[in-house]
Amino acid sequence: MNPLRDLLFDYTLRTVALGAGTLGIVAGALGTYAVLRRQSLLGDAISHAALPGIVLAFILTGMKSTLVLVLGAALAGWLGTLVVMMIVRHSRLPEDSALGIVLSVFFGAGLVLLTYVQKLPDASQAGLDSFLFGQAATMLERDVVVIAVLGAIALLAVVVFWKEFKILSFDPEFGASLGMPMRSIDILLTTFLVIAIVIGLQTVGVVLMSAMVIAPAAAARQWTNSLSVMVLLSALFGAMAGVTGALISSTAQHVPTGPTIVLCATVLVLISMAFAPERGLIWAAVQRRQQRRQIRADAVLGDLYALAGHHESEHAHDVTVLEAMRAGRTDVHRALDILEERGLARRDGTGGWTITRAGRAEAEQAGESGPDGQHEREGSA
Amino acid sequence: MTDQTAIEVNDLTVAYREQPVLWDIDLTVPAGVLMAIVGPNGAGKTTLIKAMLGLLKPAAGQVLIHGRPYDEQRRLVAYVPQRGSVDWDFPTSVLDVVQMGRYGALGWLRRVGRRERDLSMAALGKVGMEDFAHRQISQLSGGQQQRVFLARALVQDARVYLMDEPFQGVDAKTERAIVTVLQSLREAGDTVLVVHHALQTVPEYFDWVTLLNVRKIAAGPVDEVFTAENLRVTYGGRVPFHGSDSPLRDAPPAGGVTGSSAWMGLGGD
């Protein structure tokens, strides 16, 4: 079968792709703030804390409609966050401990409730356990509507409170000094983060939902230095991971949705970590290599300059002399090629090397400002 | 204008978990002065500024800005936090950071527009950073970061400026730029409080000084209160007067006072 044709014509697949894409957009956009505020673990705590809310919502209402379960999840997730804040404020426990406690206690309570519900004679609870690892295939049009409406509210909040969320993430104390109610803004942002998380629980599951909050944002950070671009890119990455993962798991048999989506997001992170300009590992390796070559070339230039000092005339020097000066530790040929390319050294007919006028000037300048000269000048510019 | 009181602090006490960090501070600062706040590490200098800004809840005391409680006068006060208090790898530009100084005046729902942009560019010009407006903040040197923070306070167009160690670890050019800005603020009649470390530059840069060590030791014009004795009381007999970055030295022996018996020697002078 052809997944692309199915995406266009298969009603179920289209629904699944639409829902997963939407939740990816929302989680990606809101996740940007979680990552920038170093609150990655908060997303994990919220999603795990949501589990007892889902099961309780079912027990209390007897309904399995998405809206009811999402509401229960949101309340529990929000309560969990509140408990974290209270523990941090009123005890000496650091935030990560508070997050760890809330995550495990709420998740444990959720598992106990889930086990209890599954032992009930009534069969209507079937499928509730799919909230653990997510199940996209069961997504219906009305689920997508719930995801889209709640997600749109969260995205609208990012636009409306753009500068508030930005200053909260960058310098909350300065925001407070401006008279902005930073605590309320914090609660507001966290509330929308809770929304972004709970709308993904049915598809991705409570165990792995935090990855959808963190991974797209972490990948997006690699490519840009602008907050707005980062939010957009993160939303795009979230959508890509959501759609791809949901489609793979829906078309293949017995492949859980959550883990598949998360793996897709991980691929995006790996690609971004490797290939992004400036921040990527490959870019950094190339930079380092060029820098090392440059330093070696500069050293050889210094040698040429020293040699020229000894001989007043434009005397050419043999490569072996230069190699001896570097004690054989540098590829002098390559260094000389670089210098020649930059017009700092010249090869004469006999294969000897001479420093050029430009090379002399460069060497003198380097001698004056020292190895850090370049840096210092820029720093005080 | 100059005989007006810009800042009045009454009975300010701040404690962290029972431990007093600031004890019963009274401080009156006339408008139009440049005042340094000096004291040893842990003396509560940053705490004093944060408490004045309402960023810390004091155990007791009140702060008046131009005669009214701080809460009513927020718009008159600008703040320059320590440079290290934020993540400079945050994805944003220099201009963007400076514009944050206008967020309070803008209020909810309003977006940054041409006016904020123009004000911010002008502030960047005052600190010699207009060429860096579109740079990523991660590319700035320490001194440049400090000047960006100063520009962000300048766009607030305040009457009172509270600055936390703006001279900390900056290059000579930044130090000159900051001093120039401070002086132009004073000429405009504004009041500036600066947490400061380098004691040797206090008489040169400032006209008022507060000596602080949990309690207020002295406050007033530099030529009246910036005395060897007040410094000795403030620093507990160890005055890092020469060279701010060198480790604290013993004060010149006076009346048999040595570094190790500094506190005992306080009364013996």
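The sequence lines fix the lettering, A, B, ..., with proteins before strands; numbering per chain opens at 1.
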**Student:** Could you check which of B/V80, B/D71, B/D89 has the highest count of heavy-atom pairs closer than 4.5 Å to chain A?
**Tutor:**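 Going by pairs under 4.5 Å, I would pick B/D89.
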
**Student:** B/L109 versus chain A, heavy atoms under 4.5 Å apart: side chain, backbone, both or neither?
**Tutor:**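 It is both, since atoms from each part get that close.
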
**Student:** Can you see which heavy atom on A/K163 is nearest to which on B/G107, and at what distance?
**Tutor:**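 In terms of heavy atoms, the two residues are closest at NZ-O, 2.6 Å.
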
**Student:** Measure the spacing between OG of A/S177 and CE of B/M52 and express it to the nearest 0.5 Å.
**Tutor:**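 Rounded to the nearest 0.5 Å, the OG-CE separation comes out at 12.5 Å.
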
**Student:** If you count every heavy atom of other residues, nucleotides or ligands that lies below 6.0 Å from B/W208 atom CH2, does the total exceed 12?
**Tutor:**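 Result for CH2/B/W208: enclosed.
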
**Student:** Does atom CZ of B/R117 have more than 12 heavy-atom neighbours from other groups under 6.0 Å away?
**Tutor:**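 At most 12 heavy atoms, drawn from other residues, nucleotides or ligands, come within 6.0 Å of this atom.
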
**Student:** I need the residue from B/G101, B/A78, B/A153 with the largest number of non-hydrogen atom pairs under 4.5 Å to chain A.
**Tutor:**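 Ranked by contacts with chain A, first place is B/G101.
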
**Student:** Quick check: under 4.5 Å, non-hydrogen atoms only, which of residues 266-285 of chain A neighbour chain B?
**Tutor:**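 Within residues 266-285 of chain A, near chain B: A/R279.
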
**Student:** Determine, stepwise, if the pair B/F149 / A/D171 fulfils side chain to side chain contact (heavy atoms under 4.5 Å, CB included).
**Tutor:** CA-CA 11 Å; B/F149 263 13; A/D171 195 351; 3.9 Å; yes

**Student:** What residue, out of A/E173, A/M182, A/M180, A/M230, has the most heavy-atom pairs lying under 4.5 Å from chain B?
**Tutor:**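 The answer is A/E173.
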
**Student:** Return the option, out of A/G175, A/S226, A/P172, with the maximum number of heavy-atom pairs under 4.5 Å with chain B.
**Tutor:**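 Counting heavy-atom pairs under 4.5 Å, the top option is A/S226.
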
**Student:** Quick one: what part of B/I137 sits under 4.5 Å from any heavy atom of chain A, side chain, backbone, both or neither?
**Tutor:**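 Only the side chain of B/I137 comes within 4.5 Å of chain A.
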
**Student:** Do any of residues 92-100 of chain B come closer than 4.5 Å to chain A, heavy atom to heavy atom, and if so which ones, in number order?
**Tutor:**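 Interface residues of residues 92-100 of chain B: B/T92, B/D96, B/V97, B/M100.
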
**Student:** What distance separates B/F90 CZ from A/K166 NZ, expressed to the nearest 0.5 Å?
**Tutor:**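 So the gap between those two atoms works out to 7.5 Å.
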
**Student:** May I ask you to name which of A/L178, A/L227, A/V229 has the most heavy-atom pairs under 4.5 Å with chain B?
**Tutor:**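 Option with the greatest count: A/L178.
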
**Student:** B/Y103: which residues meet the ring-ring contact (aromatic ring centres under 6.0 Å, His included) condition with it, sequence neighbours left out?
**Tutor:**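 For B/Y103, no residue satisfies ring-ring contact (aromatic ring centres under 6.0 Å, His included) once neighbours in sequence are set aside.
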
**Student:** Return each pair, listed once, that meets side-chain hydrogen bond (donor to acceptor under 3.5 Å, both in side chains) where at least one residue sits in residues 105-114 of chain B; pairs must be two or more places apart or across chains.
**Tutor:**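 Those involving residues 105-114 of chain B do not exist here.
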
**Student:** Testing the basics here: between A/A176 and B/R74, what is the closest heavy-atom pair and its distance to 0.1 Å?
**Tutor:**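 Of all heavy-atom pairs spanning A/A176 and B/R74, the closest is O-NH1, 3.3 Å.
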
**Student:** Side chain, backbone, both or neither: which part of A/S228 has a heavy atom under 4.5 Å from chain B?
**Tutor:**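 Neither part, no heavy atoms under 4.5 Å.
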
**Student:** When you look at A/F170 and B/V86, which way does the side chain to side chain contact (heavy atoms under 4.5 Å, CB included) test go after all the steps?
**Tutor:** CA-CA 7 Å; A/F170 177 64; B/V86 302; 3.8 Å; yes

